[in-house]
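Heavy atoms only: backbone and side chains are in, while hydrogens, waters and symmetry mates are out.
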Protein chains: 2
Amino acid sequence: MTKPQQNPMRSVHRAFQVLSELELAQRPLRLTDLAQRTGLHIATTQRLVNVLTEHGYASRHSNGYTAGPAALSTAHAFAMTSPVRLIARPILEELANATGLTASLYVRVQNSRVLIDRVEGGRRPQYSLPIGERLPLYPGAAGKVFLACDPETDLDATAADLAPVTLADGTVLEHSAVLADLQDVRTRGFAISVNERQFDTTATAAPIVDSAGRILGSLGLSGATAELRDVESSALPSDVRRAAQAIGSRVPPAN
Amino acid sequence: MTKPQQNPMRSVHRAFQVLSELELAQRPLRLTDLAQRTGLHIATTQRLVNVLTEHGYASRHSNGYTAGPAALSTAHAFAMTSPVRLIARPILEELANATGLTASLYVRVQNSRVLIDRVEGGRRPQYSLPIGERLPLYPGAAGKVFLACDPETDLDATAADLAPVTLADGTVLEHSAVLADLQDVRTRGFAISVNERQFDTTATAAPIVDSAGRILGSLGLSGATAELRDVESSALPSDVRRAAQAIGSRVPPAN
DNA sequence: AAGGTTAATATCATAGAATGAGAATGGCGG
DNA sequence: CCGCCATTCTCATTCTATGATATTAACCTT
């Protein structure tokens, strides 16, 4: 998606561009497809996927290339070493136990968020392991937080980029609605979403900020909309906000 | 570890070299450390790790760099699309249910194996999620299979590279012992390990081979040594072998 | 706090790697 | 058996990647 068409480290950037397409496709891609999607010359694409494959980040199959197993081991290393994740873990458990809801930890990667860790709250068992899932920044409480709570972000421009957005309940948000939403999140320091990204799911989220003011992640708490009719007036948002602050204060600042 | 110091795609190779060190270290590394470990110039290392960070495959913290969250989402994509994994899943469950043991699926990445999927058998609950763990090829049943069952591999040279090896029970294997072991695995078509990599763990494993004879992975079944005193004479090895063949026969050949 | 030390980033000329056009090979399906 | 599509190879040109050095920033010691 991102096309860093600048000079420096071009081939490396392109390698990750290819990898990103493999990840995005969620199905095997033929070399030609890859070349088309990335906009690179076939020969170039070929050399890049060969390197990716050699290192295990891509795999070749009968019907094309997919992401490779090396990503799994790198992900494992990340999970074992990420300070935010390690610090947040017990707090996720605490939140999930206390509320019976699902506690989730996201970090931002470029223009999306990635689910880093999750503790399911109670009843309904979890069938799929969505950890590692990549989601958009806008619809969804935990995503909005990244946009709204980053002082660097120009909310107006961002809203313009995003709009119009269609939510899971069918609502369509225009520029002004998105902007108002983001501004609201920014001033309140937390976000609430009702049936935004997933129908019948309500969530509240708050930013995890280090002492230097950088956003390290987003802490979300979600459950069935039916069970959360009174989120706005409940203590949940401030609970989440407090928990997020607790995490942030324990993570040493990046520099 | 691998140093592809050839000309083509040098910078991309180096990028993965850096990433590999980050993964291996399992702790934050400072830029200088990274440069030393990879043998690259500091300036070069810096540019590479910046690109990695920009794409989310590395993260910067107060005390150095670690692997980054993008690896998680790529890993997720891999898990959702890998044919071997998808095909093997039900068979892992079946094996684990039938035997009460732990069924594991590994694939090879360069000179190591990565745990792709696992179904725990019965009693003892699993505390850590070791999926993604990177292990050596030699000690351990599931690893040996990759070396022994690949007709391309020169067992004698491989044994020479490996020896001497110290097992978890303290045994030290010299060249001849390793060679004999590998040859045995090759002729029998499955491997057995007792207290080799983990003390008090016994395992048996067989290669997953596609119709073209390429090794796609390794299927292992493991449990406490005490419960598996009679593996050699039991039906387990051939059960595993049969299951591995079943998987292999359902995966379309790579080309 | 201030000075000394180490780490991270910027600058720049040169070498050589990366690129893309096209040709050649290899597989697959008809 | 033949033609088609995907992949791999070849090669000259250009621009990117490199590494020595200089600069800035962070850190720790006292």
Side-chain angles (χ1 to χ4, degrees), chain A residues 3-19 21-22 25 27-55 58-66 68 83 210-214 251-255, chain B residues 3-19 21-22 25 27-55 58-66 68 83 210-214 251-255:
Chain A
K3 279 193 183 182
Q5 245 162 358
Q6 302 143 354
N7 332 349
M9 294 292 122
R10 184 161 63 144
S11 56
V12 183
H13 271 109
R14 286 174 160 187
F16 287 109
Q17 210 178 322
V18 169
L19 187 49
E21 289 297 338
L22 285 180
R27 68 184 176 86
L29 292 182
R30 312 205 130 265
L31 186 55
T32 314
D33 297 336
L34 260 182
Q36 277 184 344
R37 288 171 185 240
T38 54
L40 300 175
H41 188 102
I42 283 212
T44 306
T45 312
Q46 136 96 329
R47 285 182 291 249
L48 291 174
V49 295
N50 278 348
V51 178
L52 290 174
T53 304
E54 184 183 334
H55 289 265
S59 293
R60 189 181 176 171
H61 310 279
S62 56
N63 47 345
Y65 297 89
T66 65
D210 72 3
S211 59
R214 303 171 71 97
V251 180
N255 43 17
Chain B
K3 278 193 182 179
Q5 244 162 357
Q6 303 144 355
N7 330 351
M9 294 290 123
R10 185 160 65 145
S11 57
V12 182
H13 272 110
R14 287 175 159 185
F16 286 109
Q17 212 177 319
V18 168
L19 186 50
E21 290 297 337
L22 285 180
R27 67 185 176 85
L29 291 182
R30 312 203 131 266
L31 186 56
T32 313
D33 297 336
L34 260 182
Q36 278 185 343
R37 289 171 184 240
T38 54
L40 300 175
H41 189 104
I42 284 212
T44 306
T45 312
Q46 137 97 325
R47 284 182 291 250
L48 291 174
V49 73
N50 277 348
V51 178
L52 290 175
T53 305
E54 184 182 333
H55 289 265
S59 293
R60 188 181 177 169
H61 310 279
S62 57
N63 48 346
Y65 298 89
T66 65
D210 72 2
S211 59
R214 303 172 71 98
V251 180
N255 43 16

Between [X] ([atom1]) and [N] ([atom2]), how many Å, whole number?
| X | N | atom1 | atom2 | value |
| --- | --- | --- | --- | --- |
| B:R30 | C:dT6 | CZ | P | 13 Å |
| A:I42 | C:dA23 | CD1 | P | 15 Å |
| A:L29 | D:dT7 | CG | C1' | 16 Å |
| B:N63 | D:dA26 | CG | P | 16 Å |
| B:N50 | C:dA7 | CG | C1' | 13 Å |
| A:H13 | C:dA17 | NE2 | P | 21 Å |
| A:L34 | D:dT7 | CG | C1' | 13 Å |

Can you check whether [X] has a side-chain N or O nearer than 4.0 Å to OP1 or OP2 of [N]?
| X | N | result |
| --- | --- | --- |
| B:S11 | C:dA18 | yes |
| A:R10 | D:dC15 | no |
| B:T44 | D:dA17 | no |
| B:T32 | C:dA8 | yes |
| B:Q46 | C:dA8 | no |

From [options], pick the nucleotide closest to the side chain of [X]?
| X | options | value |
| --- | --- | --- |
| B:H41 | D:dT7, D:dT21, C:dA7 | D:dT21 |
| A:M9 | D:dT18, D:dG19, D:dT8 | D:dT18 |
| B:R14 | D:dG19, D:dT16, C:dA21 | D:dG19 |

Indicate, with a heavy-atom threshold strictly under 4.0 Å, whether B:R47 touches base, sugar-phosphate, or nothing.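 Contact class for B:R47: base.
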Determine whether [X] and [Y] make a side-chain contact, defined as any pair of heavy atoms from C-beta on separated by less than 4.5 Å.
| X | Y | result |
| --- | --- | --- |
| B:Y65 | B:D33 | no |
| B:T38 | B:R14 | no |
| B:Q17 | A:H55 | no |

Which residue, B:L40 or A:L31, contacts DNA chain D at a nucleotide closer to its 5' end, judged by nearest heavy atom?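 Closest to the 5' end, via its nearest nucleotide, is A:L31.
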Hey, which sits more toward the 5' end of DNA chain D by its nearest nucleotide, A:D33 or A:V12? A:D33
Check A:L48 against A:S11 and note the closest heavy-atom contact, atom names and distance. CD2-O, 3.8 Å
Atom pair CE (A:M9) and CD (B:E54), whose distance is rounded to the nearest 0.5 Å: 12.0 Å
